[in-house]
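Everything on this sheet refers to the single structure shown next.
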Amino acid sequence: MALSKKRVYEIARELGVPSKELIEALAEMGMPGLKAVNTVEEEEAELIRELFQEHKAKKSPAQAEESAQELAAPPEKKPEKEEKPKVGQPRPPVVAVLGHIDHGKTTLLDTIRKTHVTQEEAGGITQSIGAYQAEVDGRLITFIDTPGHKAFTAMRARGAQVTDIAVLVVAADDGVMAQTLEAIDHIKAAGVPMIVAINKIDKPDASPERVMQELAQLGYTPEDWGGDTIMVPVSALTGQGVQDLLEMILLVADMEDIRGDPGGELDATVIESHMDSSRGPVATVIVKNGTLRERDIIVVGATWGRIRALVDHQGKRIKEAGPGTPVQILGLEDVPPAGERVERVKKPNQAKALAEERKRAALEQRRVARPLMTFEDLLAAAERKRLAVVLKAESTGALDAARLELGTIETEGVDLDLLHAGVGPITESDVLLAASVEDAQPLVVGFGVKVDGKARKAADERGIPVRTYDIIYDLTQDIERAMRRLLGPEFVEVKVGEAEVLKTFDIDGVGRVAGCVVRSGKVVRGGRVKVLRLGEEVFSGEIASLKRFAQDVREVQSGRECGIRIRDFDDVQVGDVLEIYTLEEVPA
C-alpha cells in the first residue's frame with residue numbers, strides 16, 4: 001500500500017466512528033459504493049473527512065429535534081418498525097486459519113502469537129492449549145490453533161460451530177491448490193465469513209494478482225476489484241501486512257456484530273483434549289456465551305466432572321472464562337472428544353447419571369450399527385485382505401483429523417480396519433492389541449506422538465511394524481502403500497533375449513541340455529523361457545542352469561554360445577527357438 005493512500009476503515013478510525021457509519025454517511029452524501037477495505041488517494045481522503053464533518057454538523061440539530069418530538073409524542077405515534085434490543089456485548093471473534101499444507105498457516109499463527117500476545121508468565125512463554133488470544137488495538141481476537149480444515153470439519157460434524165470467521169491462507173508463489181479448494185468447501189459449508197490472506201508476498205516469484213485472478217474465477221472476487229471478498233497480501237515470515245489482516249478480522253467482526261452475554265446460557269465447545277500424566281484429562285474449551293467458572297459441575301459428552309481449575313493460554317489460573325475466551329478445563333473424569341458441548345448441571349449425581357446414560361446409548365448404537373453377515377458375505381470377506389491399524393495422536397483434534405483422512409482411503413480388495421484410535425503416546429498395550437489380530441496385517445501408527453520403550457521392545461519381539469509421523473499426508477500415503485502391498489506383487493514378463501538350439505546333449509542324472517547360440521539380447525540364469533517350435537509355443541518354464549565352457553555363468557550376451565538346461569523339460573530339439581524373459585514387479 002502506497003504511503004499517499006489510505007483505506008476507508010483507517011479514515012473511520014481517525015474520525016473515531018465505526019466504518020459502517022462512515023460508509024452510510026458518504027452514501028447519503030452522494031459517494032455510494034465505498035467499502036471499508038477500499039483505498040483512496042490522500043486528496044480523496046481529505047474530501048471524505050470534510051464531507052463527514054459537514055454531514056455530522058448538519059445532522060446533529062435535526063437528530064436533537066427528532067429526539068424531542070419523539071419524547072413529546074404519545075406512545076401510539078411511535079414508528080411501527082422497532083429494532084430488537086441487541087443481546088449481550090461485543091466479544092472476541094473466534095478465528096480459524098485454513099489452507100494448503102505448505103502455504104504458511106502455522107507460520108502466520110506463530111507470527112501473530114509472537115507479536116500480539118502479551119507475554120506475562122513463565123519468562124514470556126505462552127502455553128500451547130490449541131487456541132490463544134491476540135490483542136489488536138486494545139481488542140482481542142481468539143485464534144484456534146488446530147491441525148487445519150480436517151479438525152475444523154470434525155468439530156462441525158458433531159454439530160459444533162465454534163468458528164466465527166475463517167482466514168484462508170493462499171501462497172502467492174503457488175496459487176490455488178487442491179487443498180485450498182477443499183478448505184474453501186469447508187468454509188462454505190460452515191457458512192462463516194472468509195478473509196483471504198495471500199501469503200509469501202516476500203518471495204521473488206510471488207504473484208498476488210494471479211492468486212486474486214484464480215479466486216475470482218471461483219466466484220470470490222476481491223473487494224479491490226469491486227467484489228465482496230476481502231483479500232490481504234501478507235508475509236507471515238517478515239510480518240508485512242499481518243496488522244492489516246488483523247484489522248480486517250476486527251472489521252468483519254464488527255460487521256457481523258459478534259456478541260456474547262456473560263450472564264446468559266452457557267455455550268462452550270471442546271476444541272482439543274488430551275491426557276496429561278500429572279494433571280489427568282485436560283480439555284481446551286472456547287466459551288461463546290455465558291461464563292464458565294471454577295467448581296462448576298459440567299457434563300461433556302459421555303464424561304463429567306467438577307471444574308478443579310481453569311487455565312488460560314498463558315498458563316495462568318483464572319477463576320472464570322467469559323464469551324470468546326479459550327480456556328483449559330481440569331477435573332473431568334475422562335478425555336472428551338473435540339466438538340463436544342459443555343453443559344452445566346446443578347448436582348454431581350445428575351451429571352454422573354447423564355454421562356453414564358450417554359455411554360450406554362453410544363454402546364447400543366454401535367451394536368445396532370454392526371450389520372449381520374450372510375454366509376456368502378463371509379466367503380467374499382475371506383477373499384479380501386485386511387490392514388488392521390492402531391492409531392494414536394497427540395490430541396483429539398489431531399486424532400479426528402487423522403481419522404477423517406484414513407476414512408478417505410479406498411483400495412480395491414483391501415479393507416482398512418481401525419482397531420483402536422486414542423490420544424497419547426504409543427504404549428505396550430497398543431502393540432499387544434495389534435499383535436492379537438488374526439487374518440489381518442497389523443500396523444501401529446502415531447501422529448505427533450512418541451513410542452515408549454516397552455512398546456518398542458514388544459513390537460520388536462512380535463514383529464509388529466510401528467511408525468510415527470509429524471505430517472498427516474505422509475501417514476495416509478504410507479497406509480495406502482501398505483494396503484496395496486497386501487494385494488501381493490504383480491509381475492510382467494519382459495523379453496531380454498533369444499537363442500537358437502544348435503545341438504542337444506542327454507546327460508545321466510541331469511537331463512537334456514541344449515547347446516545354443518544367443519541370436520539377440522542375452523540369456524540370464526533363472527530367467528523364464530518359452531520354447532518355440534516352427535513358430536508355435538510348446539513349453540514355458542524356467543532356466544535351471546546356464547553354462548559357458550562348462551562354467552556356471554549368470555548371463556551370456558548376444559553372439560556367444562552356451563548350454564541351457566530347462567527345468568522339467570527334456571524334449572528340447574535342434575532348431576527350437578528359446579525366448580528368454582525376466583519378471584519385473586509392478587505396483588499392485
Side-chain angles (χ1 to χ4, degrees), residues 96-106 130 145-158 168-169 171 174 176-187 189 272 274 337-339 384-426 430-431 433-434 437 440-451 455 459 464-490 586-588:
V97 178
L98 293 81
H100 185 73
I101 186 170
D102 294 323
H103 283 191
K105 303 187 301 293
T106 304
D145 188 4
T146 62
H149 59 263
K150 296 300 181 185
F152 178 78
T153 309
M155 285 187 282
R156 288 193 56 252
R158 289 197 175 97
L168 176 72
V169 179
D174 253 1
V176 174
M177 308 287 279
Q179 289 165 34
T180 312
L181 297 173
E182 195 175 345
I184 289 172
D185 287 341
H186 292 310
I187 295 168
E272 287 278 12
H274 66 277
R384 295 178 66 84
K385 303 290 185 181
R386 189 161 69 99
L387 182 67
V389 176
V390 174
L391 169 67
K392 299 298 288 290
E394 62 182 338
S395 65
T396 51
L399 186 67
D400 283 341
R403 290 178 75 160
L404 278 170
E405 282 293 332
L406 295 185
T408 65
I409 299 174
E410 290 184 5
T411 300
E412 190 174 348
V414 183
D415 293 322
L416 178 61
D417 184 5
L418 192 57
L419 286 179
H420 170 67
V423 175
I426 294 172
D430 296 322
V431 175
L433 173 61
V437 175
Q441 170 61 51
L443 176 64
V444 181
V445 293
F447 179 36
V449 297
K450 294 181 179 179
V451 186
I464 304 297
V466 176
R467 300 284 184 275
T468 58
Y469 303 87
D470 292 318
I471 299 173
I472 197 166
Y473 300 99
D474 291 344
L475 184 155
T476 54
Q477 282 180 359
D478 275 4
I479 286 184
E480 278 188 281
R481 280 196 285 266
M483 291 174 72
R484 288 197 297 268
R485 284 186 180 277
L486 282 180
L487 292 171
E490 290 185 8
V586 294

Quick one: pull up CG in Leu475 and CG in Leu406 and give me the separation to the nearest 0.5 Å.
6.0 Å
From CZ (Arg403) to CD1 (Ile472), nearest 0.5 Å
12.0 Å
CG of Leu416 to CE of Met483, rounded to nearest 0.5 Å, is 5.0 Å
What is the minimum heavy-atom distance between Val414 and Leu387, and which atoms define it?
CG1-N, 4.5 Å
For Val97 and Lys105, which heavy atoms make the closest approach, and how far apart are they?
O-CD, 3.8 Å
Show the numbers, then the answer: is there a side-chain contact (heavy atoms from CB on, under 4.5 Å) between Glu272 and Thr396?
CA-CA 6 Å; Glu272 287 278 12; Thr396 51; 4.2 Å; yes
Heavy atoms of Val449 and Gly424 approach each other most closely as CG1-O, 3.4 Å
On a heavy-atom basis, the closest approach of Phe447 and Ala398 is CD2-O, 3.6 Å
Is there a donor-acceptor pair under 3.5 Å between the side chain of Lys392 and the backbone N or O of Pro425?
yes
Within this structure, what is the NE2-CG distance for the pair His103 and Asp174, rounded to the nearest 0.5 Å?
3.5 Å
Rounded to the nearest 0.5 Å, what's the gap from CG on Leu168 to NE2 on His100? Could you check?
12.0 Å
Not counting sequence neighbours, which residues clear salt bridge (Lys or Arg N to Asp or Glu O under 4.0 Å) with Arg481? List them please.
Asp478
Spacing of Ile426 atom CD1 and Lys450 atom NZ [to the nearest 0.5 Å]
12.5 Å
Compare every heavy atom of Gly397 with every heavy atom of Ala338, then report the nearest pair and how far apart it is.
CB-N, 4.3 Å
Taking all heavy atoms of Ala421 and all of Leu399, pick out the closest pair and write down the distance.
CB-CD1, 3.9 Å
Applying side chain to side chain donor-acceptor pair (under 3.5 Å), can you list everything that pairs with Asp470, at least two apart in sequence or on another chain?
none
